[in-house]
Amino acid sequence: MRILGDSSTGGGIGGIAYEVALRTVGQDLAALLIESLEITVEDNAFVAQGFGIAAGRGERTGKEPARESFARRYSAEDIKRLDALGMAQQTKVVKTPDATSLPESLRTIGRVVDSKRGSLVNISKDQRKITFAYKDENGQLQKEDLYSLSLYKGQQEGLSLRGKKKDAWEDSK
């Protein structure tokens, strides 16, 4: 099994860095067209709830897709299992993911919390922005808002730190 990140720099969930755990949660929720999302940390697990539309739901029934509420809980074991499933489905094609996609947005937030040696309090997403709160290494509550440009910049910084190319236009060549 691959190493799921190092939570020694921050709180993490069950030894999994927030960057990796939140990306995995985002991948699981990506099948929903999310209108609103709230993620909290409860009893060493992520609780995600909100409203969205199941992708393809209207296509199968011929009706207008309905807005549905959802609630999911992700323990460390769930995250490890979902991460392993995601790894098995990966292709060998290497391209920069969409910075505004839910998995990348959540990964960027996780990277921020990890870099501050913090512990996540909550994440709130609507169609315009993502707001997240965390306690920094001194226990002080911090709150940040991210918009598309902020997410893109955060992704590019993360790619640079991981040693990948920084120029997003390289993918289009």
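Note that the structure is a prediction, hence the values are computed from the model and not measured.
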> Which heavy atom of Ala48 sits nearest a heavy atom of Leu37, and at what distance?
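Residues Ala48 and Leu37, closest heavy atoms: CB-CD1, 4.1 Å.
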
> Is a side-chain N or O of Tyr18 found less than 3.5 angstrom from the main chain of Leu120, in a donor-acceptor match?
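Yes; at least one donor-acceptor contact below 3.5 Å.
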
> Distance check, rounded to the nearest 0.5 Å: Tyr147 atom OH versus Arg128 atom CZ?
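Going from OH on Tyr147 over to CZ on Arg128, the span is 5.0 Å.
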
> For Phe132 and Gln142: C-alpha separation, side-chain torsions, deciding distance, then whether side-chain contact (heavy atoms from CB on, under 4.5 Å) applies.
CA-CA 8 Å; Phe132 65 103; Gln142 306 292 328; over 6 Å; no

> Please report the interatomic distance CG(Asp136) to CG(Leu141), rounded to the nearest 0.5 Å.
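The distance works out to 8.5 Å.
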
> For Asn138, does the CG atom have more than 12 heavy-atom neighbours from other residues, nucleotides or ligands under 6.0 Å away?
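Yes, CG of Asn138 has more than 12 neighbouring heavy atoms, counting only those of other groups under 6.0 Å.
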
> Applying ring pair (Phe, Tyr, Trp, His ring centres under 6.0 Å), name anything that partners Phe46, two or more places apart in sequence or on another chain.
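Phe46: no ring pair (Phe, Tyr, Trp, His ring centres under 6.0 Å) contacts found.
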
> Does any non-hydrogen side-chain atom of Gln27 lie less than 4.5 Å from one of Leu82?
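Side-chain contact under 4.5 Å: no.
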
> Indicate the atoms forming the closest heavy-atom contact of Arg73 with Asp78, along with that distance.
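Looks like O-OD2, 3.5 Å.
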
> Ignoring hydrogens and angles, tell me if any N or O in the side chain of Asp114 forms a donor-acceptor pair with the backbone of Ala17 under 3.5 Å.
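Flag not set: sc Asp114 to bb Ala17 has no pair under 3.5 Å.
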
> Between atom CD1 of Ile39 and atom CD1 of Ile123, what is the distance when rounded to the nearest 0.5 Å?
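Rounded to the nearest 0.5 Å, the CD1-CD1 separation comes out at 4.5 Å.
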
> Can you run down the side-chain hydrogen bond (donor to acceptor under 3.5 Å, both in side chains) pairs that involve residues 30-41, sequence neighbours left out, and say none if there aren't any?
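Output for this query lists Glu35-Arg67, Glu38-Asn122, Glu38-Ser124, Thr40-Glu42.
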
> Enter the distance from Ser101:OG to Arg23:CZ here, rounded to the nearest 0.5 Å.
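So the gap between those two atoms works out to 11.0 Å.
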
> Identify the two heavy atoms, one from Gly14 and one from Ala76, that lie closest to each other, and give their separation to 0.1 Å.
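Taking every non-hydrogen atom into account, CA-CB, 3.9 Å.
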
> Working to the nearest 0.5 Å, report the span between CG of Leu32 and CG of Leu102.
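Reported to 0.5 Å precision, the distance equals 9.0 Å.
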
> According to a 4.5 Å side-chain heavy-atom criterion applied to Ile, Leu, Val, Met, Phe, Trp and Tyr, with indirect links allowed, do Val113 and Val47 form part of one hydrophobic cluster?
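Looking at the clustering, Val47 is in a separate group from Val113.
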
> Taking 4.0 angstrom as the limit, do Asp28 and Arg72 come out as a salt bridge?
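Looking at Arg72 together with Asp28, the answer is yes, because their closest N to O distance falls below 4.0 Å.
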
> Go through Glu19 and Leu22 one step at a time and tell me if the side-chain contact (heavy atoms from CB on, under 4.5 Å) criterion holds.
CA-CA 6 Å; Glu19 176 182 0; Leu22 287 171; over 6 Å; no

> Output the distance between atom CD (Glu68) and atom CZ (Phe51), rounded to the nearest 0.5 Å.
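The CD atom of Glu68 sits 11.0 Å away from the CZ atom of Phe51.
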
> Do NZ/NE/NH1/NH2 and the carboxylate oxygens of Lys80 and Asp83 come within less than 4.0 Å?
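Looking at Asp83 together with Lys80, the answer is no, because their closest N to O distance does not fall below 4.0 Å.
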
> Would you name the heavy atoms of Ser105 and Ile130 that are closest together and state the gap between them?
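Looks like CB-CD1, 3.6 Å.
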
> Between Tyr74 and Val121, is there shared hydrophobic-cluster membership here, with clusters defined by ILVMFWY side-chain heavy atoms closer than 4.5 Å?
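No: no chain of side-chain contacts under 4.5 Å links Tyr74 to Val121.
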
